[in-house]
Amino acid sequence: MKIIIAGAGAMGSRFGIMLHQGGNDVTLVDGWPDHVNAIKEHGLKANLNGEDITVNIPVMLQSEIKSTEKADLIILFTKSMQLDKMLQDVKSLISKDTKILCLLNGIGHEDTIEKYIPMENIFIGNTMWTAGLVGPGQVKLFGNGSVELQNLGNGQEDMAKQLAKILSDSGLNANYSDNIHYSIYRKACVNGTMNCLCSILDVNMAELGATKPAHDLVVTVVNEFAAVAHAEGVDLDTKEVVAHVESCFDPETIGKHYPSMYQDLINNHRLTEIDYINGAVSRKGQKYNIATPYCDLLTQLIHCKEDILGAK
Ligand SMILES: NC(=O)C1=CN([C@@H]2O[C@H](COP(=O)(O)OP(=O)(O)OC[C@H]3O[C@@H](n4cnc5c(N)ncnc54)[C@H](OP(=O)(O)O)[C@@H]3O)[C@@H](O)[C@H]2O)C=CC1
Ligand SMILES: CC(C)(CO)C(=O)C(=O)O
């Protein structure tokens, strides 16, 4: 199976390395020339659970894509705001049989993907794996994780299960979900609390969890996500979701991770995905006439911080 990782930053590199080590034919595609050139020249360097490794994986810039070889599977791992451009750039690698798996954080990416791919080839999901970019061609990977995914098109359950097996055979611990919209809202609750709060407060998840107001903040934000999800026909079990969110506080698992939004904004002064997480809930709240004051404020505070830091 020819797998393209479209967006080979921190997470794309993690999935690329694990799938490559699992014996798959993997190619990385990314738009950052320094990163792509570093991988071409020195291999992809990773600190994997404390061990330094170098993996030689084929890599190309989006501008180098040629249409000669079609992909069997394209795993999307761009930032939300890069998704549309990436889909335009990988169009020539897509045949009528190419499956697309989107594992980005955020809500509603299927609306963008549907513009380019027939529904029966679209698979969506989310992941609790973590990763960090140290610099061009270099990533830091620790801890464990999981993936949940499902087909969007009718009759594609077996293919979704097959994709989960391909990921699991490489150690990615993937499961078929029979209600992926629930899973995506549930994961969005993790990002809608951890990502913005850690970025605003300048802490990792374990440090956030050690503050007294953390629990009340999580409950309030999860309730806003749940109200909007309910209006869209997704009924979140808020108690279970809060427990899931708070499991991220554990320093023995992923608590020491600085969420991807922190890495973008605080470390790299890059624009964030806030408009696809809390910002998406605020917009949906307006649409359904549901008050979402915490999501509104958190979105605005992150945008303030982007301006203060001159994020690009
Ligand atoms: N990191 C994590 O732990 C997790 C992330 N996610 C989600 O996975 C998706 C991908 O995230 P992630 O892998 O963290 O993204 P990264 O920021 O590591 O990489 C995404 C892209 O951003 C660009 N980029 C990143 N850093 C730089 C830089 N310093 N200079 C220039 N370009 C840069 C590159 O593309 P280009 O040059 O084309 O712009 C890169 O492909 C997101 O939706 C995220 O929310 C989900 C779970 C955990
Ligand atoms: C690891 C986790 C779950 C933290 O919110 C994440 O998705 C991210 O860093 O964006």
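- When atom types are taken as modelled, the side chain of Glu64 and the backbone of Leu61 share a donor-acceptor pair closer than 3.5 angstrom.
- Although no hydrogens or angles enter the test, the distance criterion places a donor-acceptor pair under 3.5 Å between the side chain of Asn173 and the main chain of Gly145.
- There is no side-chain donor-acceptor pair under 3.5 Å between Glu224 and Thr292.
- Note: the hydrophobic cluster containing Ile254 also contains Met261 (ILVMFWY, side chain heavy atoms under 4.5 Å, direct or indirect links).
- Under a hydrophobic-cluster definition in which Ile, Leu, Val, Met, Phe, Trp and Tyr are linked whenever side-chain heavy atoms come within less than 4.5 Å, directly or via other members, Val29 and Leu19 are assigned to different clusters.
- The main-chain N or O of Asp275 is found under 3.5 Å from a side-chain atom of Arg283 such that the two form a donor-acceptor pair.
- Using a 4.5 Å heavy-atom threshold, the side chains of Met81 and Tyr276 count as touching.
- If you look at Tyr185 and Phe225, their ring centroids are not closer than 6.0 Å.
- The line from CD1 of Ile3 to CG of Leu163 is 9.0 Å long, rounded to the nearest 0.5 Å.
- Of the candidates Thr130, Val134, Leu133, Lys140 forms a side chain to side chain contact (heavy atoms under 4.5 Å, CB included) with just one, namely Val134.
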task = May I have the step-by-step check of side-chain contact (heavy atoms from CB on, under 4.5 Å) for Val245 and Met194, ending in yes or no?
result = CA-CA 8 Å; Val245 170; Met194 297 298 130; 3.4 Å; yes
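- Scanning both residues, Ala231 and Ile290, for their nearest heavy atoms gives CB-CD1, 4.0 Å.
- When all heavy atoms are compared, the tightest approach of Val222 to Cys189 is CG2-CB, 4.1 Å.
- Residue Asp111 places its CG atom among more than 12 non-hydrogen atoms of other residues, nucleotides or ligands, all under 6.0 Å distant.
- Residues Met128 and Asn144 fail the side-chain proximity criterion, which asks for heavy atoms closer than 4.5 Å.
- Between the side chain of Asn24 and the backbone N or O of Lys2, no donor-acceptor pair lies under 3.5 Å.
- Looking only at distances, a side-chain donor or acceptor of Ser247 sits under 3.5 Å from a matching main-chain atom of His244.
- Minimum interatomic distance between Cys295 and Ser282 (heavy atoms only, all atoms of both residues): C-OG, 3.5 Å.
- What you find for Ser170 and Met18 is that their closest heavy atoms are CB-O, 3.3 Å.
- With respect to Lys96 and Glu120, no salt bridge is recorded, no charged nitrogen being found less than 4.0 Å from a carboxylate O.
- Phe123 is not listed as a side-chain neighbour of Ile100, based on a closest heavy-atom distance of 4.5 Å or more.
- Counting only heavy atoms from C-beta outward, the side chains of Met11 and Leu103 never approach each other to under 4.5 Å.
- Counting only distance, with no hydrogens or angles, the side chain of His109 and the backbone of Asn105 share a donor-acceptor pair below 3.5 Å.
- Of the N and O atoms on the side chains of Ser80 and Glu273, at least one donor lies less than 3.5 Å from an acceptor on the other residue.
- Classified by interplanar angle (parallel below 30°, tilted 30° to 60°, perpendicular above 60°), the ring pair His35/Trp32 is parallel.
- In terms of heavy atoms, Val139 sits closest to Ala10 at CG1-CA, 4.1 Å.
- From His181, atom NE2 reaches atom OG of Ser177 across 9.5 Å, with rounding to the nearest 0.5 Å.
- Residue pairs meeting the salt bridge (charged side-chain N to carboxylate O under 4.0 Å, His left out) criterion with at least one partner in residues 291-308, sequence neighbours excluded, do not occur; the list is empty.
- Between Lys79 and Asp264 there is a salt bridge, with a side-chain nitrogen of the basic residue lying less than 4.0 Å from a carboxylate oxygen of the acidic one.
- Residues Ile94 and Ile74 have side chains in contact (heavy-atom distance under 4.5 Å, counting atoms from C-beta outward).
- Under a 3.5 Å cut-off, the side chain of Gln263 and the backbone N or O of Ala131 do form a donor-acceptor pair.
- Looking at His20 and Asp25, their side chains never bring a donor and an acceptor atom within 3.5 Å of each other.
- Minimum interatomic distance between Ile57 and Ile39 (heavy atoms only, all atoms of both residues): O-CG2, 4.1 Å.
- Once rounded to the nearest 0.5 Å, the distance linking CG of Leu172 with OG1 of Thr127 reads 7.5 Å.
- Neither side chain, Asn204 nor Lys256, offers a donor N or O lying under 3.5 Å from an acceptor on the other.
- Atom CG of Asp34 has more than 12 heavy atoms from other residues, nucleotides or ligands within 6.0 Å.
- A donor-acceptor contact shorter than 3.5 Å is absent between the side chain of Tyr258 and the backbone of Ser199.
- Between Asp84 and Lys115, at least one side-chain N (NZ, or NE/NH1/NH2) sits under 4.0 Å from a carboxylate O, which counts as a salt bridge.
- A distance of 11.5 Å separates CD1 in Ile124 from CG in Leu76, rounded to the nearest 0.5 Å.
- Val90 and Leu73 are members of different hydrophobic clusters when ILVMFWY side chains are connected at heavy-atom separations under 4.5 Å.
- Side-chain atoms of Glu148 and Tyr176 include no donor-acceptor pair closer than 3.5 Å.
- In this structure, Asp72 CG and Met1 CE are separated by 5.0 Å, a value rounded to the nearest 0.5 Å.
- The line from CG of Leu309 to CG of Asn268 is 11.0 Å long, rounded to the nearest 0.5 Å.
- Met60 has its side chain within reach of Ile65: a pair of non-hydrogen atoms, C-beta onward, lies under 4.5 Å apart.
- Asp89 and Gln62 share a donor-acceptor pair across their side chains, judged by distance under 3.5 Å alone.
- Contact check for Ile4 versus Ile75: no side-chain heavy atoms found under the 4.5 Å cut-off.
- Put simply, the side chain of Thr54 never gets that close to the backbone of Lys45: no donor and acceptor are under 3.5 Å apart.
- Atom CG of Asn154 has 12 or fewer neighbouring heavy atoms from other residues, nucleotides or ligands inside a 6.0 Å radius.
- A single hydrophobic cluster is seen to contain both Leu141 and Val147, as judged by linkage of ILVMFWY side chains at heavy-atom distances under 4.5 Å, directly or through other members.
- With contacts defined as side-chain heavy-atom distances shorter than 4.5 Å, the pair Tyr262/Val203 does not qualify.
- Taken together through direct or relayed side-chain contacts under 4.5 Å among Ile, Leu, Val, Met, Phe, Trp and Tyr, Met159 and Ile117 form parts of separate hydrophobic clusters.
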